Amino acid sequence: MRVITGTARSKKLVTPKGLDVRPTTDMVKEAVFSAVQFEIEGAFVLDLFAGSGQIGIEALSRGAKGAVFLDKSRDAIAAVKENLKHTQLDDKAKVLLMDSLAFLKSTQERFDFIFIDPPYEQGICELVLPLAVQAASETCVIFCETRKHEQLPEQVGEFQVKKVYHYGKIKVTQYRRREE
């Protein structure tokens, strides 16, 4: 696993130990960043269920102004911190060991790019999405990674599905604010 492009291009990233971790593939990561390539510079990013932190790190490498990395696993948080230090992007990051729902219920921050990659098939995206919408800036783009057959709502608050990407057994759903 590596950073695809930007200031940390080609730097290898570590993954947390354990079977619960399922890093986002380079193909999925490239598709996500292709969809927001002109919006990521200067953006404030939220990487929920961060795992290794590769999505937030990719965003920072591509010019995001800051990122919050969140995971409730100590091993994941250790990997995120190691990866941020290795890529020299730790000065733009806040790393939190806490539950995503608790964070979203309490944060006053607004994010321009939110990536949600929870454990599959547990209905977590459906719980997190309404709270993520509340933490979204006016121009926010939200991505949710799930198994291909998992169903997500077409609309969450002012956000609606803009595009769905399929990669083998993986699906990434992009939400944007409804256009008037």
Side-chain angles (χ1 to χ4, degrees), residues 1-37 39-122 124-125 128 131-132 135 140-147 167-170 172:
M1 185 175 55
R2 63 183 175 77
V3 179
I4 296 172
T5 195
T7 60
R9 181 181 185 164
S10 299
K11 296 229 177 180
K12 292 188 189 264
L13 303 175
V14 299
T15 58
K17 294 173 177 57
L19 299 174
D20 294 339
V21 178
R22 165 196 36 72
T24 299
T25 66
D26 279 354
M27 184 185 314
V28 171
K29 187 166 49 171
E30 188 59 52
V32 165
F33 284 98
S34 289
V36 294
Q37 64 183 330
E39 301 168 80
I40 207 69
E41 192 165 332
F44 191 41
V45 175
L46 177 58
D47 189 348
L48 289 174
F49 308 93
S52 65
Q54 70 164 321
I55 295 295
I57 289 170
E58 187 74 38
L60 290 171
S61 180
R62 292 174 184 237
K65 72 177 173 190
V68 174
F69 298 83
L70 206 73
D71 207 296
K72 65 179 184 178
S73 161
R74 289 191 189 283
D75 288 338
I77 292 301
V80 170
K81 287 179 177 178
E82 183 177 340
N83 288 331
L84 284 164
K85 186 173 183 172
H86 176 66
T87 57
Q88 300 177 337
L89 295 167
D90 46 340
D91 61 327
K92 297 179 181 180
K94 181 165 52 169
V95 183
L96 302 172
L97 173 66
M98 73 183 296
D99 178 74
S100 293
L101 291 172
F103 172 80
L104 289 169
K105 287 177 183 175
S106 65
T107 189
Q108 297 300 308
E109 296 174 293
R110 294 295 166 255
F111 299 92
D112 305 305
F113 175 79
I114 299 173
F115 192 80
I116 306 167
D117 185 11
Y120 288 164
E121 301 181 44
Q122 295 182 22
I124 297 172
C125 272
V128 171
L131 296 171
C140 186
V141 182
I142 300 172
F143 288 92
C144 192
E145 182 176 327
T146 60
R147 282 239 189 253
Y167 302 97
K169 297 177 182 178
I170 297 170
V172 179

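The structure displayed is predicted, hence computed values, not measured ones.
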Surrounding CD of Gln88 (heavy atoms of other residues, nucleotides or ligands, distance under 6.0 Å), is the total greater than 12?
no

Go through the structure and list residues passing ring-ring contact (aromatic ring centres under 6.0 Å, His included) with Phe115, not counting sequence neighbours.
none

Distance in Å, Thr146 OG1 paired with Lys169 NZ, rounded so as to fall on 0.5 Å steps:
14.0 Å

Backbone N or O of Gly56 within a donor-acceptor pair of the Asp47 side chain at under 3.5 Å?
yes

Value rounded to 0.5 Å, distance of CG in Asp75 from OG1 in Thr15
10.5 Å

Might you point out which heavy atoms bring Leu13 and Asn83 nearest each other, and give the distance in Å?
CA-OD1, 3.3 Å

Donor-acceptor pair, side chain of Asp71 and main chain of Ala50, under 3.5 angstrom
yes

Exactly one of Ile57, Leu60, Leu84 clears side chain to side chain contact (heavy atoms under 4.5 Å, CB included) with Asp90, and that residue is Leu84

Are Glu145 and Tyr120 close enough, and set up right, to give a side-chain contact (heavy atoms from CB on, under 4.5 Å), and what steps lead you there?
CA-CA 8 Å; Glu145 182 176 327; Tyr120 288 164; 2.7 Å; yes

For a side chain to side chain contact (heavy atoms under 4.5 Å, CB included) with Leu48, tell me which candidate from Ile124, Leu104, Ile142, Asp117 qualifies.
Leu104

Residue pair Phe103 / Lys72, side-chain heavy-atom distance below 4.5 Å:
no

Reported CG-to-NZ distance for the pair Leu70 and Lys94, which is rounded to 0.5 angstrom
9.5 Å

Flag the pair Arg2 and Glu58 as a salt bridge only when some basic side-chain nitrogen lies within less than 4.0 angstrom of an acidic carboxylate oxygen.
no

Grab the two heavy atoms, one from Ala8 and one from Leu89, that are nearest each other, plus how far apart they are.
CB-CD1, 4.2 Å

Arg9 atom CZ, neighbour heavy-atom count above 12 within 6.0 Å
no

Quick one: closest heavy-atom pair of Gly51 and Ala79, and the distance?
O-CB, 4.4 Å

Electrostatic pair Arg62-Glu41, nearest N-O below 4.0 angstrom
no

I need the single residue from Val32, Ile114, Ile116 that forms a side chain to side chain contact (heavy atoms under 4.5 Å, CB included) with Phe143. Which is it?
Val32

What closest approach, in Å, do His86 and Lys12 show between heavy atoms, and which atom pair accounts for it?
CD2-O, 3.2 Å

Rounded to the nearest 0.5 Å, how far does OG1 of Thr5 lie from NZ of Lys29?
11.0 Å

With heavy-atom distances below 4.5 Å as the criterion, would you say the side chains of Phe44 and Arg110 are in contact?
no

Residues Phe49 and Pro118: closest non-hydrogen pair is CG-CA, 3.6 Å

Mind running side-chain contact (heavy atoms from CB on, under 4.5 Å) on Ser61 and Val3 for me, showing each step along the way?
CA-CA 8 Å; Ser61 180; Val3 179; 3.6 Å; yes

For the CG atom of Leu131 and the OG atom of Ser100, what is their distance to the nearest 0.5 Å?
10.0 Å

Would you say NZ of Lys92 has more than 12 non-hydrogen atoms from neighbouring residues, nucleotides or ligands within 6.0 angstrom?
yes

Is it true that, when you exclude Lys11 itself, more than 12 heavy atoms of the residues, nucleotides or ligands shown sit nearer than 6.0 Å to its NZ?
yes

Going through the checks in order, is the side-chain contact (heavy atoms from CB on, under 4.5 Å) test met by Ile40 and Phe113?
CA-CA 8 Å; Ile40 207 69; Phe113 175 79; 3.9 Å; yes

Of all heavy-atom pairs linking Tyr167 and Ala31, the shortest is OH-CB, 2.7 Å

CD1 (Ile77) and CD (Glu82) are apart, to the nearest 0.5 Å, by 13.0 Å

